[in-house]
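Since the structure comes first, as structure tokens, the remarks are kept for the end.
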Amino acid sequence: MSAANGVRRVWVGQNGLLSTPAVSAVIRERVGADGSKATGAFILTASHNPGGPNEDFGIKYNMENGGPAPEALTDKIFENTKTIKEYLIADELQEVDISTIGVTNFSGPDGPFDVEVFDSASDYVKLMKSIFDFELIRKLLSSPKFTFCYDALHGVAGAYANRIFVEELGAQQSSLLNCTPKEDFGGGHPDPNLTYAKELVERMGLGKSNSGVEPPEFGAAADGDADRNMILGKRFFVTPSDSVAIIAANAVGAIPYFSSGLKGVARSMPTSAALDVVAKSLNLKFFEVPTGWKFFGNLMDAGQCSICGEESFGTGSDHIREKDGIWAVLAWLSILAYKNKDNINGDKLVTVEDIVRQHWATYGRHYYTRYDYENVDAGGAKDLMANMVKMMSSLDEVNTIVKGARSDVSKVVNADEFEYKDPVDGSVSKHQGIRFLFEDGSRLVFRLSGTGSEGATIRLYIEQYEKDPSKIGRDSQEALAPLVSP
């Protein structure tokens with residue numbers, strides 16, 4: 001189809017494997033032998049919004065900046081699907097062996113056309129080595145006191161894990177779990193969270209069973225297309241909201257790419273305000289955007305944002321225009337290596353848990369949870385959201401309800417329906433969620449998605465901010481109980 005429609009060249013990752021962040025890196029960084037650069041990319045991924053007869057794949061288009069296509073373009077594509085009567089295809093072209101690196105030349109309908117199969121990892125590894133101090137991380141991984149585990153959940157991250165963690169950084173091969181990419185993800189669900197990354201969770205000492213084996217110091221997981229991540233310490237889970245805040249707080253000292261300072265930081269609206277506190281303390285530009293990575297991309301293209309993240313396990317920076325799971329893991333390894341650089345041979349290393357608890361002691365802790373109510377009646381869901389919009393006009397009434405339910409809950413001081421005006425292109429995104437903001441910095445956020453005939457999903461985000469150093473070590477369920485319990 002490319003040849004038939006006048007495209008000059010197609011680049012394909014070896015074996016058809018490219019992570020979503022690697023695609024962004026290829027668009028932005030890769031230069032062909034004749035000086036050519038990519039003008040965009042199609043990503044066929046099981047990790048995106050499901051499509052197809054069995055809802056088991058998605059198609060995503062990334063732009064020339066390496067980021068996801070904006071709604072203005074995808075809307076045009078959708079409109080075109082309603083009117084298109086035919087498509088062009090050059091069926092005389094020979095098959096290309098995408099398992100073999102090399103260039104296959106054709107004479108297409110519009111002249112010369114070639115397909116280049118390239119090493120999926122080379123461009124990405126080169127980019128990572130320009131961002132992080134690999135030698136410092138290698139020293140950490142070589143310490144007998146430091147143990148490491150990475151679970152690709154049989155997703156595409158496995159194509160990069162051996163190359164980066166074992167070949168480049170010297171980790172043991174045994175530290176890699178499920179790093180052979182499989183079409184069915186080995187029968188599992190490639191979602192990097194405490195529910196689906198069962199093997200990693202058990203190995204890190206967070207499971208229900210007790211094997212008696214000492215867990216590794218550091219663990220991480222990726223999703224199917226390697227753009228999301230989960231960070232774990234020994235018997236310790238790092239929330240995505242805390243993760244991006246901690247990376248931002250330590251980036252200038254620990255990561256060479258940021259040594260000259262951060263341009264700004266951003267988070268999605270439902271993500272906890274942990275990053276806000278860091279931004280205020282470090283006097284950084286801060287942005288709160290709707291859910292969707294394209295909003296971060298606009299800020300990055302304008303030179304206003306260096307590090308960003310979202311609560312659904314997505315973290316990234318302006319090195320590309322996608323969230324990047326392996327980048328997040330390398331960022332954490334960099335912070336650990338930096339904190340331990342003068343103590344590699346000492347009695348005890350600074351751990352993931354040490355870093356997180358020190359961060360809480362400095363900035364306060366944002367206890368955080370999310371509830372998803374799926375397949376609820378679409379009409380009822382819309383009515384619920386409309387009723388909450390009405391309630392926002394009378395905070396006295398809201399506070400009467402709140403105090404009637406729990407006297408130990410702080411006062412609601414503001415409520416709104418989140419609306420975002422993009423400071424770069426001026427576009428406005430409305431109806432992005434309803435926020436109830438409390439006097440002590442806590443929040444309740446309601447978001448509605450999927451209002452089709454098969455039901456809607458209401459997402460409720462609950463956040464309790466705690467500045468008292470004596471209370472930052474509480475169990476999350478205990479800390480959140482006043483906001484969660486009726």
Side-chain angles (χ1 to χ4, degrees), residues 17 19-21 43 45-52 54-58 60 148-161 165 175-211 215-216 218-244 268 270-272 291 293 309-316 322-329 332 352 368-375 449-450 457 459-461 476-477:
L17 295 176
S19 71
T20 292
I43 306 173
T45 169
S47 184
H48 200 56
N49 295 331
N54 299 312
E55 293 196 336
D56 61 351
F57 73 89
K60 183 177 172 184
F148 165 80
C149 187
Y150 183 76
D151 190 346
L153 296 175
H154 289 301
V156 74
Y160 303 85
F165 299 124
S175 63
L176 302 185
L177 284 175
N178 305 313
C179 282
T180 302
K182 295 182 178 179
E183 289 184 8
D184 65 348
F185 304 111
H189 193 309
D191 212 347
N193 58 39
L194 295 172
T195 300
Y196 293 114
K198 295 184 179 70
E199 190 173 350
L200 177 68
V201 167
E202 289 289 340
R203 187 177 286 202
M204 294 304 297
L206 288 165
K208 295 178 180 177
S209 63
N210 184 3
S211 65
F218 178 80
D223 71 332
D225 63 342
D227 62 352
R228 294 187 295 130
N229 72 95
M230 177 171 67
I231 302 296
L232 301 172
K234 181 188 293 184
R235 304 185 186 92
F236 192 83
F237 168 65
V238 183
T239 71
S241 298
D242 277 344
S243 180
V244 67
S268 64
T271 302
S272 97
T291 299
W293 211 259
E310 56 187 19
E311 54 80 30
S312 54
F313 295 84
T315 326
E322 288 279 5
K323 46 188 172 280
D324 190 343
I326 289 179
W327 173 91
V329 174
W332 266 93
V352 170
Y368 183 84
T369 191
R370 169 178 132 184
Y371 291 90
D372 289 356
Y373 301 92
E374 298 177 326
N375 294 317
S449 63
T457 295
R459 291 193 170 91
L460 168 60
Y461 307 84
S476 289
Q477 287 184 319

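No hydrogens or angles considered: a donor-acceptor pair under 3.5 Å links the side chains of Asp225 and Thr20. Side-chain contact, Asn229 with Thr315: a donor N or O sits under 3.5 Å from an acceptor N or O.
A heavy-atom distance below 4.5 Å is not found between the side chains of Tyr373 and Thr457. Inter-residue side-chain proximity for Thr239 and Tyr368 is flagged as unmet; no heavy-atom pair is nearer than 4.5 Å. Contact check for Pro181 versus His154: no side-chain heavy atoms found under the 4.5 Å cut-off.
Using cut-offs of 30° and 60° for the angle between ring planes, the His189 and Tyr196 rings count as parallel. The aromatic rings of Phe148 and Phe218 lie parallel to each other, with less than 30° between the two planes, well short of the 60° mark.
A distance of 4.5 Å separates CG in Leu177 from CD in Glu199, rounded to the nearest 0.5 Å. Atom CD of Glu311 is separated from atom OG of Ser243 by 13.0 Å, given to the nearest 0.5 angstrom. If you take CZ on Phe165 and OG on Ser175, they are separated by 8.5 Å, rounding to the nearest 0.5 Å. Atoms CZ and OG1, on Phe185 and Thr180 in that order, are 13.5 Å from each other to the nearest 0.5 Å. Residue Cys149 holds its SG atom at 4.0 Å from CZ of Arg203, rounded to the nearest 0.5 Å. Taking CG of Leu153 as the reference point, atom CG of Asn178 lies at 6.5 Å (rounded to 0.5 Å).
Scanning all heavy atoms of the two residues, the minimum distance from Asp227 to Pro21 falls at CB-CD, 3.8 Å. Considering every non-hydrogen atom in both Val329 and Ala220, the closest pair reads CG2-CB, 3.5 Å. Pairing each heavy atom of Pro192 with each of Asp223, the nearest pair is CD-CB, 3.4 Å. The two atoms that bring Phe236 and Leu206 nearest to each other are N-CD2, 3.6 Å, heavy atoms only. Between Ala157 and Ile326, the shortest heavy-atom distance links the atoms O-CD1, 4.4 Å. Closest non-hydrogen pair, Ala152 versus Gly158, comes out as CB-N, 3.6 Å.
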Quick one: do Ser268 and Trp293 satisfy side-chain contact (heavy atoms from CB on, under 4.5 Å)? Show the steps, please. CA-CA 9 Å; Ser268 64; Trp293 211 259; over 6 Å; no
Apply side-chain contact (heavy atoms from CB on, under 4.5 Å) to Met230 and Leu194, showing your working. CA-CA 9 Å; Met230 177 171 67; Leu194 295 172; 4.1 Å; yes
Going through the distances and angles, do Ser312 and Arg370 end up as a side-chain contact (heavy atoms from CB on, under 4.5 Å)? CA-CA 10 Å; Ser312 54; Arg370 169 178 132 184; 4.3 Å; yes
From CA spacing to verdict: side-chain contact (heavy atoms from CB on, under 4.5 Å), Val352, Leu232: CA-CA 8 Å; Val352 170; Leu232 301 172; over 6 Å; no
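At a threshold of 4.0 Å, the pair Arg228-Asp191 counts as salt-bridged, since one of the basic side-chain nitrogens sits closer than that to a carboxylate oxygen. Electrostatic pairing of Glu374 and Arg459 does not count as a salt bridge here, judged by no charged N lying under 4.0 Å from a carboxylate O.
Not a single donor-acceptor pair under 3.5 Å links the side chain of Asp324 to the backbone N or O of Ala328. Within the 3.5 Å criterion, the main-chain N or O of Ser19 finds a donor-acceptor partner in the side chain of Tyr160.
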